[in-house]
Amino acid sequence: MADNKLAQIDLLRERFRGVVLVEGDDGYEEARQVWNGMFDKRPLVIARCVATSDIIEAVNFSRENKLLVAVKGGGHNSAGKATCDGGIIIDLSLMRRVNVDKENNTARVDGGALLGDVDYETQLYGLAVSAGIVSHTGVGGLALGGGFGWISRKYGLSVDNLLSAEVVTANGELVVASETENPDLFWGVRGGGGNFGIVTSFLFRCAPIGQEVFSGIIAKKFENAEEYLTFHQEYVRTMPDEMTVWMVLRKAPPLPFLPEDVHGQLVVLVPFVYLGDQGQGEKLLQPIIEATESHGMFYGMSPWTAWQSGFDGLVSHGARNYWKSHHLKSLSPDCIKEILHYAERLPTDECEIFIPHMEGAPSRVAADKTAFVHRSTPFVLNIHTRWQEKGDDERCMAWARNFHDATNRYAHGVYVNFLSDEGKGRVRDAYSEEVWSRLVEVKDRYDPENLFQMNQNIEPST
Ligand SMILES: Cc1cc2nc3c(=O)[nH]c(=O)nc-3n(C[C@H](O)[C@H](O)[C@H](O)COP(=O)(O)OP(=O)(O)OC[C@H]3O[C@@H](n4cnc5c(N)ncnc54)[C@H](O)[C@@H]3O)c2cc1C
């Protein structure tokens with residue numbers, strides 16, 4: 001490492017309240033890890049921030065030393081955008097405070113918090129923030145891209161519940177983004193990802209969901225999958241926003257309510273959450289139970305925090321992952337056939353085809369209100385390819401690519417947070433033409449040199 005770079009890093013260390021790590025330091029190996037084991041990168045320096053002043057120092061240091069910058073929130077991004085080779089990771093993972101204001105039903109959340117941090121604190125008051133479904137996902141990346149989960153059909157996306165954000169921009173300035181302060185930036189951070197600066201804290205509106213929700217999983221037999229998917233795509237679209245029912249086609253994990261001989265068999269898992277009275281929820285569930293034969297089921301009132309972490313183990317850190325995704329216009333009969341064709345050829349037992357139903361409150365927000373535009377999509381098709389050995393890379397990735405290509409004709413657009421590294425053109429599919437032009441204007445204003453480019457990048461116009 002050049003002496004002048006080392007000297008600069010020493011200067012950063014002197015001003016920093018958190019920890020500055022370089023290769024060889026204790027903690028460097030751990031801090032450079034991200035969720036997706038495909039990304040084994042070695043940054044020159046890792047700045048582990050503990051306060052906003054650290055973030056400002058790290059941004060100024062990166063800009064002055066012309067370093068490639070990766071910002072790490074939860075490190076969950078499947079495209080590995082929270083790490084880099086040779087540059088700097090501005091690591092927010094020590095900044096995870098959540099403060100709930102129960103009078104105003106809001107939560108102020110640090111930029112490096114995980115979803116579990118938010119759930120535990122808001123649940124003290126029977127509240128929740130609309131976000132994702134795995135507790136070790138970062139709020140930062142999720143909320144900046146959109147953010148949907150079990151309660152978004154009723155309460156909107158994370159971006160729809162964002163009231164304001166504190167942002168450190170590329171020139172090291174700390175600004176507030178809200179409807180009244182820097183509204184162009186506020187519009188951009190609600191869907192445009194981490195392109196415009198580092199969010200030190202988010203202020204979210206909370207939803208009064210209580211501490212238990214009626215929830216569960218029905219495991220449908222795969223032999224009737226075509227019949228079930230045909231029924232499902234129609235029935236779930238008739239449901240009230242309080243009921244969210246999704247599908248996961250995969251090899252059955254060893255769920256305690258399934259007979260042992262079903263473990264490892266191909267099944268259609270139908271998880272659901274109902275925000276309301278159990279009796280009413282059971283009535284809504286009945287047609288699903290009766291639609292086709294099931295291997296087993298489990299449902300009842302569950303603590304929200306338990307439900308929100310119930311799937312964590314299936315997507316733990318470190319495995320190799322390659323995700324492909326698109327929004328589906330509908331689950332047409334031909335599309336269902338294609339999905340089942342690929343389901344029968346899952347390359348490993350850890351792979352899954354995840355089909356959430358999206359319509360509801362998000363679809364009633366005007367498409368230009370935030371930078372998240374694909375609001376009327378009924379279903380998302382997520383191809384979660386997951387394996388352990390490097391030697392399986394080609395086989396697993398080929399399955400995902402072929403599956404994605406085969407279903408492309410049923411698709412329109414994509415959710416930015418589910419993109420892999422798919423090239424500049426593909427990033428634009430997450431937005432409309434009009435929204436893209438507006439995003440470039442916001443980028444020109446807040447990050448004209450493209451300091452923040454380890455993301456699904458919106459390049460400035462110059
Ligand atoms: C297992 C799993 C489950 C998921 N479930 C859901 C789900 O239910 N709903 C959903 O909507 N999405 C879901 N996602 C997708 C998720 O939204 C993205 O992976 C998201 O990028 C995760 O954010 P992160 O902070 O953990 O990621 P990171 O990898 O840390 O960051 C992702 C991007 O955001 C930027 N970033 C992160 N924090 C900040 C910040 N504070 N300020 C500025 N930029 C920042 C990073 O620079 C990077 O470009 C899931 C992903 C995984 C892997």
Side-chain angles (χ1 to χ4, degrees), residues 33-39 49 52 55 59 68-84 87-93 95-96 109-117 130-152 157-159 165-170 177 188-189 191-202 244 246 271 308-309 311-319 321-323 325 350 352 354 356 358 362 372 380 382 384 386 415-421 427 446-447 451-458:
Q33 308 293 336
V34 290
W35 173 80
N36 188 349
M38 296 281 274
F39 297 93
C49 307
T52 302
I55 298 178
V59 166
L68 178 63
V69 177
V71 178
K72 184 175 177 185
H76 241 241
N77 189 258
S78 57
K81 297 294 184 185
T83 184
C84 62
I88 180 169
I89 299 180
I90 302 182
D91 178 2
L92 310 182
S93 63
M95 295 178 63
R96 292 171 50 180
V109 177
D110 273 1
L114 305 182
L115 301 192
D117 300 324
S130 178
I133 64 165
V134 169
S135 78
H136 47 73
T137 311
V139 176
L142 178 135
L144 290 167
F148 76 95
W150 293 111
I151 65 171
S152 48
L157 304 168
S158 306
V159 289
E166 280 189 352
V167 186
V168 175
T169 60
V189 297
N195 269 285
F196 314 112
I198 302 184
V199 175
T200 63
S201 77
F202 299 87
T244 297
W246 293 349
Q308 280 286 85
S309 51
F311 301 97
D312 287 4
L314 292 176
V315 284
S316 54
H317 291 75
N321 286 272
Y322 182 65
W323 285 20
S325 175
E350 292 183 79
E352 59 184 31
F354 169 58
M358 305 294 286
F372 185 98
V380 165
N382 260 20
H384 292 172
R386 185 177 162 90
Y415 173 30
V416 71
N417 278 353
F418 289 154
L419 281 172
S420 297
D421 253 334
V427 178
Y446 293 95
D447 184 19
L451 184 71
F452 303 112
Q453 58 182 267
M454 285 301 295
N455 42 42
Q456 299 298 347
N457 197 223
I458 299 159

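Counting starts at 1 for both ligands and their atoms, following the listed order. The model shown is predicted, which means the values in this text are computed figures rather than measured ones.
Between Val139 and Phe202 there is a side-chain heavy-atom pair separated by less than 4.5 Å.
Between the side chains of Asn77 and Asn417, no donor-acceptor pair of N or O atoms lies under 3.5 Å.
Taking the salt bridge (charged side-chain N to carboxylate O under 4.0 Å, His left out) definition, one finds that Glu166 meets it with nothing, sequence neighbours left out. For His384, the side-chain hydrogen bond (donor to acceptor under 3.5 Å, both in side chains) partners are Glu352, Asn382, not counting sequence neighbours. Legend: residues meeting salt bridge (charged side-chain N to carboxylate O under 4.0 Å, His left out) with Asp421, ordered by chain and number and at least two apart, are Lys81.
With hydrogens and angles ignored, the 3.5 Å screen pairs no side-chain donor or acceptor of Ser201 with any backbone N or O of Gly111.
Protein residues with any heavy atom under 4.0 Å from ligand 1: Trp35, Val71, Lys72, Gly73, Gly74, Gly75, His76, Asn77, Lys81, Ala82, Leu92, Gly111, Gly132, Ile133, Val134, Thr137, Gly138, Gly140, Gly141, Leu142, Leu144, Gly147, Phe148, Gly194, Gly197, Ile198, Val199, Val315, Trp323, Tyr415, Asn417, Phe418, Met454, Asn455.
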